[in-house]
Amino acid sequence: SDEAQRTLRGMRTRLGCLSHKSDSYNDFTAILPDKPNRALKRLSTEEASRWADSFDVLLSHKYGLAAFRAFLKTEFSEENLEFWLACEDFKKTRSAAKLASKAQRIFEEFIDVQAPREVNIDFQTRELTRRNMQEPSLSCFDQAQGKVHSLMEKDSYPRFLRSKIYTDLLSQTQRRLS
């Protein structure tokens, strides 16, 4: 059943996260605020409400990213954000020697069919990315990353803005002002 598949995928994702604790992408958890309460003290209502301006504003804010990731975890779809972040990190690769191995790791983790954290992309994009892997370049994931970005923007982002995580966070920052 779909439900069982989703639960299984969620469990695989969680197990995957555990086994990737010190992955090359500077350990994703590093982005999370160390002390959530201290982070909240530093976060202004104005900043948090700007996350609703656009998806990219949210992604570019350290705590916005952390809150969005926490939300995606509740929906078992954080692999989309992890893939997007992995691509952002990949595009900063300066060493040609590391490029191919980093690309391979991202492909195996997120793109390949049955990948442990397989992202939701169409067949054409998956095949194009597979072909790009023959000669990996800094842009080999651009189309897949773009698709995942717009999927999150159209789908998860509006739900995030309505979520308890976000509304609670906003009301906490506002309560501090009063």
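Residues take their numbers from the sequence shown, with the count starting at 1. Below, all heavy atoms of this structure are taken into account, side chains as well, without hydrogens, waters or symmetry copies. No experiment lies behind these values; they were computed from the predicted model shown.
N120 pairs by the side chain to side chain donor-acceptor pair (under 3.5 Å) definition with nothing, not counting sequence neighbours. Judged as a side chain to side chain donor-acceptor pair (under 3.5 Å), and not counting sequence neighbours, K154 has no contacts. When the salt bridge (charged side-chain N to carboxylate O under 4.0 Å, His left out) test is applied to E127, the partners found at least two apart in sequence or on another chain are R130. Not counting sequence neighbours, the partners of E88 by the salt bridge (charged side-chain N to carboxylate O under 4.0 Å, His left out) test are K91. Contacts of K92 classified as salt bridge (charged side-chain N to carboxylate O under 4.0 Å, His left out), with partners at least two apart in sequence or in another chain: none.
For the pair T125 (side chain) and A144 (backbone), a donor-acceptor distance under 3.5 Å is absent.
Checking each of Y166, F55, F71, W51 against Y157 for a ring-ring contact (aromatic ring centres under 6.0 Å, His included) leaves exactly one that passes, namely F55.
Both L59 and L170 sit in one connected hydrophobic cluster of ILVMFWY residues. Membership requires side-chain heavy atoms under 4.5 Å apart, directly or through other members. Tracing side-chain contacts under 4.5 Å through hydrophobic residues (I, L, V, M, F, W, Y), one never reaches L128 starting from V148; they form parts of separate clusters. Clustering ILVMFWY residues whenever any of their side-chain heavy atoms sit less than 4.5 angstrom apart, transitively, puts L151 in a cluster other than the one holding I111.
Applying the salt bridge (charged side-chain N to carboxylate O under 4.0 Å, His left out) test to pairs two or more places apart or on separate chains, those with a residue in residues 133-152 are D122-K147.
Between E118 and E79 the shortest side-chain heavy-atom distance does not fall below 4.5 Å.
The CG atom of L65 lies 5.0 Å from the CG atom of L85; values are rounded to the nearest 0.5 Å.
With respect to E47 and K62, no salt bridge is recorded, no charged nitrogen being found less than 4.0 Å from a carboxylate O. A salt bridge does not link R117 to E78: none of the charged side-chain nitrogens sits closer than 4.0 Å to a carboxylate oxygen.
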